[in-house]
Amino acid sequence: MSILGVQWPSASDSRRYSDCQTKRPPHYAADPSDLHAQRARANPQWRSAHTSAAPGFIKGYFDHSRLHFLSSVKLKAELVREAQARAEVKQEQQKAFAPKIAPESPVKGKGRARDERVIMHCDFDCFFVAAGLLSRPDFRGKPVVVCHSQGNQGGTSSTSEIASASYEARVAGIKNGMSLQQARKLCPTALTMPYEFDRYKDLSLNFYTILMFYADELEAVSIDEALIEVTAAVSRLRSDAARAGSPHDPAKDFAQKIRAEVKEATGCEISVGISHNILLARLATRRAKPAGAVHITPADVPGLIATLEITDLWGFAGSHREKAREKLGSTALSELTLYNAIRGIDDALLQSDQLRKSVSAEINYGIRFQSNEEAEAFIREMGITVAERLDEAKMRGRSITLKIMEREPSAPVEAPKFMGHGHCDAFQKQTPLVGPGGRATSDPQVIGEHAWRIVASFHFDPKELRGIGIQITNLEPADRPVSINSNQQRSSFKPSEVAPQAPALHALPKICPFLSSTRSWSKNGAVAPPRSRSASVFPERKSAPSMRMQQSGLLRHGAYVNSLHRNRPANALSRPTDADLGLAPEVYALLPSAIQREQLTAARLIKNLGAIPINKPKTFLLHDSNIQASAC
DNA sequence: ATCCTCCCCTAC
DNA sequence: TAAGGTAGGGGAGGAT
Ligand SMILES: Nc1ccn([C@H]2C[C@H](O)[C@@H](COP(=O)(O)OP(=O)(O)OP(=O)(O)O)O2)c(=O)n1
Ligand SMILES: [Mg+2]
């Protein structure tokens, strides 16, 4: 089916999405949630009031989702901007009375040797819990968790997820992300506290204001976490200390001063990791927690790294651990070539505005439809939601991707986690998003229409849907009809094919209008697209994903970040480049030449090591001289 | 070469 | 009852 050059999708393939994999913590007990919950779900009245079919479900969901909260705070950057404004006011005030106290203009990071930098990684201790304790001092010193379920709600079988656990609770083995029932097994006396999203923002603003006051540069990581470069401030302290013959570490003293200020302003503890690069500063924070400061110096590096696992490095998790185990026979950093990953991180600055590459909205919780009509209404409302987010970001898009989760056929109809998605097959399909005149768009009607058509093309049984996501990509600024990616094609069709104006939606031929109950595939997530309808227009896939080559797994996720530099526009960005893995020359010699030319990422390294004709991983151990050379 | 599509992965 | 979002890096493989 082709409309104005747009190819509407046919069904595609799926991937498994399991409750039982490392993807999400396996915290949901195999037995279903308790009888109360079961009865509630079975009750049509309850369903129509509390699932995706309910009016207002989407707003209510996003209002209560802590993961959405975390993402939206990070995205907006308004906190950081406000903090910068406040910090500048304070600096002006101090300059007027005591010019020497206010920090001087920072020395540009580029002009400084890497090992001269002082990087601090500042992170609240059990942030949500610490915030909650401000109004529950009687809970201090006890095992406390923040989750939706409160008190004895849900009894011992609550599937409510724990956002944050106090250090007393962690002693019992409770971890962030665990279900409450799991936590109660580990610690029956654990106390619960509710979310207080507004308070988290207030505390964060105070935190960022203090950091901004001292920082030469600041990178916002999340609502409770930031990286600052404080080289200028510390070097002043250092020369003072040298004059006074003080034995103290000025960087650590400075960190303690920042900790005290944040404690004073927020009533909460932060921990500070200090080092000459980001990777090491993050490692230092882990050793500093809770309520401490740790400085890792170049001299500490060899001894420290020798004790670590690959997953202790930021950005490395389960997939890398398994890859290392398979390919190298070890997960110990000291046994891996990654040993040498401990190097400086580039501080190159980008002048561009925040470069949003995608805008999306998804819900994979409480998705339960009885009919196609319910599903369609929901998807169109999600379309409106994404459209609003596009407008907020002042962006328009040219591509739309639908992400759909469907109950895996062998999975129970109701998931172990209350109203959760359970074990699912996941489907994804991307098509051009064609706005009026073939232009990029943020029009909710257009987005909704595309979204619904994509979903309809799959012919799902609406009762089996468990998750819906809409993502818009190929973005361009709403006020400037120029693509961000200058090389990319405007769209999938030529200007001559573009209708002079937007086709009226009602005039579009209705295709795939129903989520029919028939689907002509089933096995193993591999899909045979229905022969009917659009198969002739939409090319059939040659192979199912399950037949594809296994992915290698990835690497470093250094994203474009919110970064504020004093004396630069608030929206200026800096991009920490990938950590330079800094292989020893003899290791480079073993790698395929194509790899050598590019920046070597850990994923490539781990992947390619398997193909290198060597006997043992030991070959890749580095000499002390290399470590010294690269660690600084 | 450089894209597009579909996937995986990580972090908070 | 509970609220499993979101963006970006990056790889594989096909199209152009
Ligand atoms: N799986 C998770 C992880 C974190 N968070 C939220 C709650 C945390 O309080 C906040 C900050 O995350 P951290 O990783 O910094 O964890 P904490 O601050 O709770 O503990 P700590 O930093 O002391 O380890 O993000 C969440 O909702 N779900
Ligand atoms: Mg924290």
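Just the heavy atoms: all of them, side chains too, but no hydrogens, waters or symmetry mates, feed the values below.
Contact annotation for A/Glu362: base contact, defined as any heavy-atom pair under 4.0 Å involving a base atom. Here A/Asp63 lies out of heavy-atom contact (under 4.0 Å) with every strand. Among the protein residues, A/Arg389 comes within range of the sugar-phosphate backbone only, with heavy atoms under 4.0 Å from sugar or phosphate atoms but none that close to a base. Using a 4.0 Å heavy-atom criterion, one finds that A/Phe69 contacts no nucleic acid atom at all. Base contact: A/Gly420 has a heavy atom under 4.0 Å from a base atom. Nucleic acid contact class of A/Ile363 (heavy atoms, under 4.0 Å, all strands): sugar-phosphate only.
No salt bridge links A/Glu309 with A/Arg321; every basic N to acidic carboxylate O contact stays at or beyond 4.0 Å.
The side chain of A/Leu67 lies closest to C/dG5 when the candidates are C/dA2, B/dC9, C/dG5. Checking C/dG5, B/dC4, C/dA3 against every side-chain atom of A/Asn474, the shortest atom distance belongs to B/dC4. For A/His320, taking side-chain heavy atoms from C-beta onward, the closest of the listed nucleotides B/dT5, B/dT10, B/dC12 is B/dT10.
Between A/Lys417 and C/dA3, a side-chain N or O to OP1/OP2 separation shorter than 4.0 Å is present. Phosphate proximity of C/dG8 to A/Ser358: present, with a side-chain N or O under 4.0 Å from OP1 or OP2. Side-chain N/O atoms of A/His68 include none lying less than 4.0 angstrom from OP1 or OP2 on B/dC12. Between A/Arg66 and B/dC12, a side-chain N or O to OP1/OP2 separation shorter than 4.0 Å is absent.
By the side chain to side chain contact (heavy atoms under 4.5 Å, CB included) test, A/Arg184 is found to be paired with A/Leu180, A/Thr192, residues two or more places apart in sequence or in another chain being considered.
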Item checked: Bracket string, DNA chain B, 5' to 3' - pairs by Watson-Crick or G-U geometry under 3.5 Å, | interstrand -> ||||||||||||
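A side chain to side chain contact (heavy atoms under 4.5 Å, CB included) with A/Ile454 is found for exactly one of A/Ile400, A/Ile379, A/Ile470, namely A/Ile400.
Aromatic ring pairs are classed by plane angle as parallel below 30°, tilted from 30° to 60° and perpendicular above 60°; the pair A/Phe128 and A/Tyr200 is parallel.
Across the interface with DNA chain C, nearest-nucleotide mapping of A/Gln471 and A/Phe57 shows A/Phe57 to be the residue nearer the 5′ end. Remark on DNA chain C: of its neighbouring residues A/Leu180 and A/Ser71, the 5'-side contact belongs to A/Leu180, judged by nearest-heavy-atom nucleotide.
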For residues 382-393 of chain A, which side-chain N or O atoms pair as donor and acceptor with protein atoms under 3.5 Å away, sequence neighbours left out?
unit_1	atom_1	unit_2	atom_2	d
A/Thr385	OG1	A/Glu381	O	3.0
A/Arg389	NH1	A/Ser360	O	2.8
A/Asp391	OD1	A/Ser442	OG	2.7

